[in-house]
Enquirer: 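Mind having a look at this structure? Questions to follow.
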Protein chains: 2
Amino acid sequence: MTGRNDRRGARATADLVAREANVSRVAVSRAFNPNASLKPEKRDRILQIARDLNYTPDVAARSLVTRRSHLVGMIVPDVCSPWESQEIDALTTALQAEGFATLLFKAKADFSMDQTLLTYMRGFNPDSVIAFTENVDADVLTGFLDRAVPIYVIYDDGTEFGDKSSSLYDRLLVRQRDGIEQAVALLQGFGAQRVAYLGGKRQSLANRERERMITQILVERGMQPPTVIDGDYTYDTAYRATLDLFRVEDGADAIFAANDVGAFGAIDALRHDLGLSVPNDVKVIGFDDIPQSHWKAYNLTTVRIDLEDRVRALVRLILRRLRNPEDGPLTETLGTRLVVRGTVG
Amino acid sequence: MTGRNDRRGARATADLVAREANVSRVAVSRAFNPNASLKPEKRDRILQIARDLNYTPDVAARSLVTRRSHLVGMIVPDVCSPWESQEIDALTTALQAEGFATLLFKAKADFSMDQTLLTYMRGFNPDSVIAFTENVDADVLTGFLDRAVPIYVIYDDGTEFGDKSSSLYDRLLVRQRDGIEQAVALLQGFGAQRVAYLGGKRQSLANRERERMITQILVERGMQPPTVIDGDYTYDTAYRATLDLFRVEDGADAIFAANDVGAFGAIDALRHDLGLSVPNDVKVIGFDDIPQSHWKAYNLTTVRIDLEDRVRALVRLILRRLRNPEDGPLTETLGTRLVVRGTVG
DNA sequence: ATGCTCATTGCACACGTTTTCATTTTGATG
DNA sequence: CATCAAAATGAAAACGTGTGCAATGAGCAT
């Protein structure tokens, strides 16, 4: 009555298109599948009529028989984190180009992932799953998903990850040693003596690996191991932790933060509350190289994990796995390097 | 061979559970539907066996018959924008609690949404669609989705939105007049004379409405209409635009930015490049109140749109629409208010 | 004309659910 | 014990698609 489209909620089906085009329903199906054999002119006519009728194959029905949902599940603890939102954005764009849609799930804030969420996600039958939360056991996740193979991000040798040979998962290996080595060398070059490590979440594997690697490299170069303060990757916690650090003892002359946002918190605490100069009094280095790091207020020197490379590697993993479901564990490798800006000297 | 689960890719089905429990498949279906009539002890037994077999109803198969996909589509131009990522995060959390999953799509960077993307999304049959991109015609979108009803965010009276009475959509009405009035009053109170409006994207409806409203209120209060500079909601553009503003003419003594991130760019340009003091030389006010606005480096005075309220309103719209698909247009209203921090005086 | 290959076509079934609808069981009431 | 309403149950029919299989037709060499 109101518009041109009276029967709202009535979706055009392949049957309708078939009737309209005087062909069988199978022909319509084939028209939308490029490798199916169908007379070209017939295909064109069908596609034209389909367009007129606003028809698109129903993904749910299709996935029921093809066993491909064209969904990629992403489990994220905090979408607001600049690093994660960057990755979601780039991944979604890249996957969209390959015909996959992003299915977003929010994990608990404490980086954990409960059974309920997994069960819930499983029902949607994602073709692949990327967990931004690290501390979910590989055995659990792999056993849980039936056709999808999860992807894990492993840092350096990943000794902490343990041997999960019983379950199948693919790996993105991040070699952060290079970047950290450059960072420590720079700090040492500018005469830093007492460096503090402003950590991320204790449960975070990346965080523990960073701490371990930094300690190792400092010692190798004949420097003191770092003072370690725990954080949770947020600005506020880093801010307070920095105040604490400079209250009790005489502090540090360099701060290595587990992520860029934490470095921002440290810088603001030093400058606006402790009256110290960055980099003259205290040098600061971050991790990630998020877009905000080049903002003039911070202009942060940081260890860069290249987003484009990272996303490309992840997409490659997903596509390879989907093409050859029976393959053994796949691995992609990624490097890191220092980006020098204004917070060291 | 390798693990306990030999037949990977073989998902447990309702039939299997039924056989295992010596009941019909229908009983299994009912066991997972709380309002279906089923003997309690029987239901418990079925659910127990289902858990043992790691069974969950297949969402695709279910949605095929119930005509509910339990998917909410979100079309986002830039996931990295703090404001949008906040909203995605909160919406996903809230919807997840209601049993819906977030289906994320990336629109073109220029705020446009092409037919291809719409067609693509349509195939997934989302139960509802939230467009963070405003300049897609309501007629197009409504006509395109078959069962979902889109939600539009309208600012104040939304005169620019035009009369789309022919198509059905729901409205979230944001009354930004209050917040802007408080902001202008504050600026006037601190003696501002020449205020500039540092705009967002030209295509953005919110941006045009903000400019219109600010101009109107300034004039009502006997002040000069603002100098208007276009931007695109990003830090970098706002930074350069501010430099330009103070190069040609003698600038402004107050800047009203279309969003917080833009305000950050303006502040950094003033302080780090032009050697001006905020708030002594120039006062700055933003829009949104994102988490970064209370960071010490900025400590921004801004017009707040409450995220919690906004998300609650959106979820209410979605649920009401899903419960009563045949209702006329639904509307929710939202206020704004000024949050006073350190960038005015 | 005959045989052969190969592309094209359509029938019927499968995918895993929910939902009528008719039937059986239960439990309460007279 | 008989009666009746209500609750519990299962058979069968959808939902919209892809695919194996057999049938058809065209093209070409013999």
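Chain naming here is simple, since letters A, B, ... match the order of the sequence lines and numbering starts at 1 in each.
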Enquirer: Would you classify A:Thr13 as touching base, sugar-phosphate or nothing, given that sugar-phosphate means primed atoms plus P, OP1 and OP2, and contacts are heavy atoms under 4.0 Å?
Expert: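 Sugar-phosphate: the residue A:Thr13, judged by heavy atoms under 4.0 Å, touches backbone atoms but no base.
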
Enquirer: Using a heavy-atom cut-off of 4.0 Å to chain A, what are the terminal contacting nucleotides of DNA chain C, in 5' to 3' order?
Expert: C:dT8 to C:dG16

Enquirer: Determine whether B:Trp83 and B:Phe132 make a side-chain contact, defined as any pair of heavy atoms from C-beta on separated by less than 4.5 Å.
Expert: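 Contact flag for B:Trp83/B:Phe132 side chains = no.
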
Enquirer: Tell me whether B:Arg321 is salt-bridged to B:Asp170, with the criterion being a basic N under 4.0 Å from an acidic carboxylate O.
Expert: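 The answer is yes: the pair qualifies as a salt bridge.
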
Enquirer: Within this structure, what is the CG-to-C1' distance between B:Asp58 and D:dG16, rounded to whole angstrom?
Expert: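 About 14 Å, once rounded to whole Å.
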
Enquirer: For the side chain of B:Val26, starting at C-beta, report the closest nucleotide among D:dT17, D:dG10, D:dA8.
Expert: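 The closest nucleotide is D:dG10.
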
Enquirer: Given B:Glu332, which partner from the list B:Arg320, B:Arg171, B:Arg312 fulfils the salt bridge (charged side-chain N to carboxylate O under 4.0 Å, His left out) test?
Expert: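 Among B:Arg320, B:Arg171, B:Arg312, the one that satisfies the salt bridge (charged side-chain N to carboxylate O under 4.0 Å, His left out) with B:Glu332 is B:Arg320.
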
Enquirer: Out of D:dG20, D:dA12, D:dT9, which has the shortest distance to the side chain of A:Arg30?
Expert: D:dG20

Enquirer: Take atom CZ of B:Arg62 and atom P of D:dC15, then tell me their distance rounded to the nearest Å.
Expert: 19 Å

Enquirer: Given atom CG of A:Asn33 and atom P of D:dG20, what is their separation to the nearest angstrom?
Expert: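 Distance, rounded to whole Å: 11 Å.
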
Enquirer: Let me spell it out: for each of B:Ser37 and B:Ala61, pick the nucleotide of DNA chain D with the closest heavy atom. Which residue's pick is nearer the 5' end?
Expert: B:Ser37

Enquirer: Any base atoms under 4.0 Å from B:Phe32, or only sugar-phosphate, or nothing? Heavy atoms, all strands.
Expert: nothing

Enquirer: Could you state the NZ-P distance from A:Lys42 to D:dA26, rounded to the nearest angstrom?
Expert: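 So the NZ-P distance, A:Lys42 to D:dA26, works out to 13 Å.
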
Enquirer: Could you state the CZ-P distance from A:Arg11 to D:dG16, rounded to the nearest angstrom?
Expert: 9 Å

Enquirer: Determine the interplanar angle of the A:Phe105 and A:Phe124 rings, folded into 0 to 90°, and report it as parallel if under 30°, tilted if 30 to 60°, perpendicular if over 60°.
Expert: tilted

Enquirer: Take the protein atom CZ of B:Phe124 and the nucleotide atom P of D:dG16, then report the distance between them rounded to whole Å.
Expert: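 Nearest whole value for this atom pair: 18 Å.
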
Enquirer: Regarding B:Thr66, tell me which of base, sugar-phosphate or nothing describes its non-hydrogen contacts under 4.0 Å with the strands shown.
Expert: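 The residue B:Thr66 makes sugar-phosphate contact but no base contact.
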
Enquirer: Nearest whole angstrom, please: distance from the P of D:dT17 to the CG of A:Leu16.
Expert: 10 Å

Enquirer: Taking A:Tyr120 for its side chain and B:Phe100 for its backbone only, find out whether a donor-acceptor pair lies under 3.5 Å.
Expert: yes

Enquirer: A side-chain contact here means heavy atoms from C-beta on lying under 4.5 Å apart; do A:Asp89 and B:Asp78 qualify?
Expert: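 Yes, their side chains come closer than 4.5 Å.
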
Enquirer: Given side chains that start at C-beta, do those of A:Ser85 and B:Glu84 come closer than 4.5 Å, heavy atoms only?
Expert: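 A:Ser85 does not reach B:Glu84 side chain to side chain.
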
Enquirer: Can you measure B:Leu64 atom CG to D:dT17 atom C1' for me and round it to whole angstrom units?
Expert: 8 Å

